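Before we start, here is the structure in question, set down as structure tokens.
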Amino acid sequence: MEVSSVPMLAASRFLPAPPPLAPPSCSRRNLPCVRAVPQTVEAPEAPNPPRSSPRRSAVAEVKASANPVAALTRFEDVLQTQDCNIILRHCGDARRWDDLSKVFEWMQEREMTNAASYSSYFKYLGLSRNPARVLQVRFDSSFKLYDEMIREGLTPDPFTYSTLLSGCMKFKQGYTKAMGLINELNSRGLQMDSVIYGTLLAICASHNYCEEAEVYFQKMKDEGHTPNLFHYSSLLNAYSENANHEKAELLMKDLRSSGLTPNEVILNTLLKVYSKGGLFEKAKELLSELEASGFAQDEMPYSILIDGLVKGGKIQEATMLFNEMKEKGVKSDGYAFSIMISALHRGGHRQESKQLAKEFEAENATYDLVLLQCKGLSPSIQNNRRYAYKGLSIERDGYAFSIMISALHRGGHRQESKQLAKEFEAENATYDLVMLNTSLRSYCSTNDMDSVMSLLKKMDDSNVSPDNITFNTLIRYSKRIVPKSLHEKALGILVSAGLLKDAYVIVKDNAELISPRSLEKFAKSFMASGNINLINDVMKALNHSGWRISQDIFGRAIERYIRKPDKKQLLLCLLDWMTGQGYSVDSSSRNLLLKNAHIFGQTQLIAEVLSKQQAASRTIGQRHKK
DNA sequence: GGCTGTAATT
């Protein structure tokens, strides 16, 4: 594979005289470069090819071509890998995603890729206008590419890991994936640097791994990296998820004493901490500070506080702040509007919500797709349908389609909604889970059972497995229409996602349709980490299904109760109930209980209940023997 | 030459 003179590319920009050969390192990190070329053997690349060089003009021609692949093929013998990289980046910068992939494939076929090609391609795959779906697809393919890169014998460098890690931020499994990457990075003997730590902290924050973020922050310091504002803001953001304002304030102190000055991002993040924590007085004070320092010229700080107020049930105050923001002439791109529109709609203030939607519509010629999803907007859709259609036909984006299909459906335009769905299918587009879930929601909310059923069938046909969102939607809106075969699947997904309360709803209503194995798995998880107050209800539901609860499950419940002595009432209820149903605890749980009975302050009572239980089970046992 | 932080919707 051709990788020779890549490092020279940057240097070659410095005209006219090329400096002496740079040391063979990826300068910023002082780490060995990927597949570092033995510089002694390699002749330095000719300085910048003159303007008239065939390579240069070939690159220019390919860049300008409407069909880059054909053009590439014409210049196959002239172009080198780094030239192709320039073309690849050109397609990416121009957001010509199709061309981007085609050029990359072309390069792969000719083995004209190097680590930089992969990194660039990763980056552009990760870029998108915003639909989560597209991102997900590109994210997955980044990892496929990464595997391929390894297969082709290329060695990932810290930049490769950085790039892949940055893709982990937005995804559900991102944290796990990131940990895998970090392990690999370590096992290759590569060092984590400041940027990688920054990315990692951001991943922790966006996945609510607060303690892990703290550990990495410390580890990074221990390794001699001085935290910068990126690191501080990410850790602060991790604190904001749980609204941990004490820690946030300590961190701010630490930041200031390390000589850094909080910038706009830091202050906005701190505002998020206060806002999520319901510390509205502090938040307002901070907002004034932001205003005074000229950091409140866009709607972000207002949006943060408005959102906090809305979620704290203070819709009145939110409205006031929203109006204040408008009076100050702060321009809204739609964030603050969409928060207010959906808040008013949810709060039953339909009229005001619609009014606000109209206001936004009047000032902004077109709706953003995101705004279309705010439920108050359905009546206005017709006015904007053409725009949306146009947007769709340009982008061929299934996500946009699904939003429109749902919005039309919700607005009562059933025929048009179906028409659009047909159009989408006619374009050979395939449905993905986000789209199907979006449609499902709107069918459920309008009680359109026929559409729900055909959608579930579509889901099966297109081999898309339902996820917890699918099932939550189905559970919330229409328990009765869930096809029986799906219960088992639903339960499995919910249990492994840790959504035990939702799982319990399924078990409660459908336990008799679920296999003992799944019930057992659910029960184990629930006893370990489900809501302790529901444990007894879960036992009853399980028993009601006709499934015989194992002693192991009871044992787990008892262990759980022992860890929470203030729930002794529930424990006693459980033991009583067990006796009534002919269940008994096994000997090890029995001993455990007797040993710990004192922590409940009920030594006597517990011993009595247990012996009653034992006696009852003996009688039943004898009855069974006869 | 590719990498790090703040807001709404799904």
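Predicted, not measured: the structure shown is a model, and the values here were computed from it. Proteins get letters first, then strands, A, B, ... in listed order; numbering begins at 1 in each.
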**Asked** Quick one: side-chain hydrogen bond (donor to acceptor under 3.5 Å, both in side chains) partners of A:E299, sequence neighbours excluded?
**Response**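 A:S332.
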
**Complete:** Winner on side-chain proximity to A:K272, out of B:dG2, B:dA8, B:dA7, is B:dA7

**Request:** Mind calculating the distance between NZ (A:K276) and P (B:dT6) to the nearest angstrom?
**Result:**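 To the nearest whole Å, that distance equals 12 Å.
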
**Request:** Would you indicate what A:I306 reaches in the nucleic acid, counting non-hydrogen atoms under 4.0 angstrom: base, sugar-phosphate, or nothing?
**Result:**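 No contact at all - A:I306 keeps every heavy atom at 4.0 Å or more from the nucleic acid.
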
**Prompt:** Ring of A:F230 versus six-membered ring of B:dG5: centres under 5.5 Å and planes under 30°?
**Reply:** no

**Request:** Describe the nucleic acid contact of A:N437 in one word from base, sugar-phosphate, nothing, applying a heavy-atom distance below 4.0 Å.
**Result:** nothing

**Prompt:** In whole angstrom, what separates A:L321's CG from B:dA7's C1'?
**Reply:** 13 Å

**Request:** Report the nucleotide, chosen from B:dT4, B:dA7, B:dG5, that has the shortest atom-to-atom distance to any side-chain atom of A:V195.
**Result:**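 Looking only at heavy atoms from C-beta outward on A:V195, the closest nucleotide is B:dT4.
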
**Item:** Integer-rounded Å distance: B:dT9 P and A:R441 CZ
**Value:** 11 Å

**Under-4.0 Å salt bridge between A:D93 and A:K63** =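 Salt bridge flag = no for A:K63 with A:D93.
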
**Item:** A:Y335-B:dA7 aromatic stacking (under 5.5 Å, under 30°)
**Value:**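 Per 5.5 Å and 30° rule: yes, stacked.
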
**Item:** Interatomic distance where CG belongs to A:L185 and P belongs to B:dG2 [whole Å]
**Value:**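 Rounded to whole Å, this separation is 20 Å.
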
**Request:** Round to a whole Å and report the spacing from CD of A:E289 to P of B:dT6.
**Result:**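 Rounded to the whole Å, the gap is 21 Å.
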
**Prompt:** Rounded to the Å, how far apart are A:L344 CG and B:dT9 P?
**Reply:**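 That distance rounds to 14 Å.
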
**Request:** Using atom CD of A:E299 as one end and atom P of B:dT9 as the other, report the distance to the nearest whole Å.
**Result:**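 My rounded result for the distance is 13 Å.
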
**Message:** Students often get this wrong, so: under 4.0 angstrom with heavy atoms, is A:M169 touching a base, only sugar-phosphate, or nothing?
**Reply:** sugar-phosphate

**Message:** Starting the side chain at C-beta, find the nucleotide from B:dG2, B:dT10, B:dT6 nearest to A:T438.
**Reply:** B:dT10

**Prompt:** Could A:E214 and A:K219 be called an ion pair, given the rule that one side-chain N must be under 4.0 Å from one carboxylate O?
**Reply:**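 Not counted as a salt bridge, because no side-chain N and carboxylate O are separated by less than 4.0 Å.
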
**Request:** List in numerical order all residues of residues 234-245 of chain A for which some heavy atom is under 4.0 Å away from an atom belonging to DNA chain B.
**Result:** A:S234, A:N237

**Request:** Could you tell me which residues satisfy salt bridge (Lys or Arg N to Asp or Glu O under 4.0 Å) with A:E291, sequence neighbours excluded, listed by chain and number?
**Result:**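 With neighbours one apart ignored, the set is A:K328.
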
**Request:** With sequence neighbours left out, write down each residue that passes side-chain hydrogen bond (donor to acceptor under 3.5 Å, both in side chains) with A:R256, or none if nothing qualifies.
**Result:** none

**Request:** Whole angstrom is fine here: how far is it from CG in A:L290 over to C1' in B:dT6?
**Result:** 10 Å

**Item:** For A:E264, side-chain hydrogen bond (donor to acceptor under 3.5 Å, both in side chains) partners two or more places apart
**Value:** none

**Asked** Listed by chain and number, what are the side-chain hydrogen bond (donor to acceptor under 3.5 Å, both in side chains) partners of A:N237, not counting sequence neighbours?
**Response**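 Testing A:N237 for side-chain hydrogen bond (donor to acceptor under 3.5 Å, both in side chains), a comparison that skips the adjacent residues, returns A:S240, A:K272.
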
**Item:** Check: B:dG2 base within 3.5 Å donor-acceptor of A:D157 side chain
**Value:**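 Answer yes: a donor N or O sits under 3.5 Å from an acceptor.
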
